Protein chains: 2
Amino acid sequence: MSNQAAPTVCCPSLTERRVPAEAAAVLAPAFKALGDPVRLQLLSMIASAESGEICVCDLTPAFDLTGPTISHHLRTLREAGLVDAERRGTWVYYRARPAILRQLAALLTVTPAEADGRDCS
Amino acid sequence: MSNQAAPTVCCPSLTERRVPAEAAAVLAPAFKALGDPVRLQLLSMIASAESGEICVCDLTPAFDLTGPTISHHLRTLREAGLVDAERRGTWVYYRARPAILRQLAALLTVTPAEADGRDCS
DNA sequence: TGTCTGTTTCGACAAACGTCGAGACAGCGT
DNA sequence: ACGCTGTCTCGACGTTTGTCGAAACAGACA
């Protein structure tokens, strides 16, 4: 099931200091994987699954796309280290990797000092 | 300087409920803009600038890329709503838009309930 | 063993992307 | 008015991406 290594760079916010080229090279592919609406929804369906995992057979029919296309997007998420896959009998189950999600969130977190204020308005 | 509208969708985490197609369509382009190492560094340099803004003339020499290429990446960041640009005399200054960064961070934030634990290890 | 279903791989194609050089535009200083 | 410098736009290029259909692989079940 060939899961790739998850990035191991760490954690200060984008806004605190300039992210070095090596860190950018490692983190950017994860953001790139999130940069497609289908993959964003796939990851969300996986990460929000009640049991912590979800079957490809539940993912595929949720989109107007062929099986191979969904499989391709799932592979992209896997190679970005965002999800893990496990085959159990006939079906393949995907689960999210919270550690890397947290890392990306931390990168994007804005120190509350810097104003201009309201999100969600 | 033609700044595009920033996404106005809001805020629950990826992991809480499935992100709807319309939200994904709006948010994915912002992640896509972050999905290139050069743009990630550009945004970081902009967002971490002491005065809150930084001149293109300070950005360009930090990379082994031509002016037009840097300009193209900056335009991508602008169109994704991640930064704002303002011309003052000869120079053009860029500043980050914290609201959308916060929104993206919120989307990626994992509810501490879901374990598997340690980031930054 | 054979066949059926679920999933992935392969090959192809059009569209989008990252990069460049050449040229255009905007202000400043003479 | 002219030229100089900083920035952006345009056109071109090779590469990567998203999608598909066809085919391969994996496990279940008769």
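Note that this is a predicted model, so its numbers are computed, not measured. Here is the naming used below: chain letters follow the sequence lines, and residue numbers restart at 1 for every chain.
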Pairs under 3.5 angstrom only: tabulate donor-acceptor contacts from the side chains of residues 56-68 of chain B to other protein residues two or more places apart or in another chain.
from	atom 1	to	atom 2	distance (Å)
B/Thr60	OG1	B/Val56	O	3.1
B/Thr66	OG1	B/Thr69	N	3.4
B/Thr66	OG1	B/Thr69	OG1	3.0

Q: Measure the distance from CZ on A/Arg78 to P on C/dT8 and round it to the nearest whole Å.
A: 6 Å
Q. Of all of residues 54-63 of chain B, which get a heavy atom below 4.0 angstrom from DNA chain D, listed by number?
A. B/Cys55, B/Val56, B/Cys57
Using a cut-off of under 3.5 Å, enumerate the N/O to N/O pairs linking the protein to nucleotides 18-20 of chain C.
from	atom 1	to	atom 2	distance (Å)
C/dG18	OP1	B/Arg39	NH1	3.4
C/dG18	OP1	B/Arg39	NH2	3.1
C/dG18	OP2	B/Arg39	NH1	3.2
C/dT19	OP2	B/His73	NE2	2.4
C/dC20	OP2	B/Thr66	N	3.0
C/dC20	OP2	B/Thr66	OG1	3.2
C/dC20	OP2	B/Thr69	OG1	2.9

**Q.** Closest non-hydrogen atom pair, A/Leu43 against A/Leu101
**A.** CD2-CD2, 4.0 Å
Q) Rounded to whole angstrom units, what separation is found between the CZ atom of B/Arg87 and the C1' atom of C/dG27? A) 7 Å
Q) What pairs meet the salt bridge (Lys or Arg N to Asp or Glu O under 4.0 Å) rule with one or both residues in residues 42-56 of chain A, with sequence neighbours excluded? A) A/Glu53-A/Arg88, A/Glu53-A/Arg95
Which side-chain N or O atoms in residues 25-41 of chain A pair as donor and acceptor under 3.5 Å with protein atoms at least two apart or in another chain?
from	atom 1	to	atom 2	distance (Å)
A/Asp36	OD1	A/Val38	N	2.8
A/Asp36	OD1	A/Arg39	N	3.3
A/Arg39	NE	A/Ala33	O	2.7
A/Arg39	NH1	A/His73	ND1	3.1
A/Arg39	NH2	A/Lys32	O	3.4
A/Gln41	NE2	A/Pro37	O	3.4

**Q.** Nearest-Å distance for atom pair CG/P, residues B/Leu77 and D/dC8
**A.** 12 Å
Q) With sequence neighbours excluded, what pairs up with B/Glu16 under the side chain to side chain donor-acceptor pair (under 3.5 Å) test? A) none
Q: Using only side-chain N and O atoms of A/Tyr94, determine if any of them is under 4.0 Å from OP1 or OP2 of C/dT8.
A: yes
Q: Please determine, by modelled atom types, if B/Arg78 and B/Tyr94 share a side-chain donor-acceptor pair under 3.5 angstrom.
A: yes
Q: Give the nucleotide from the list D/dA26, D/dT9, D/dG6 with an atom nearest to the side chain of B/Trp91.
A: D/dG6
Q.
Rounded to whole Å, please give me the gap between CD in B/Glu86 and P in C/dG27.
A. 12 Å
Q.
Applying a 4.0 Å non-hydrogen cut-off, can you work out what B/Thr90 is touching in the nucleic acid: base, sugar-phosphate, or nothing?
A. sugar-phosphate
Q. Whole-Å distance between C/dC25 C1' and B/Arg75 CZ?
A. 14 Å
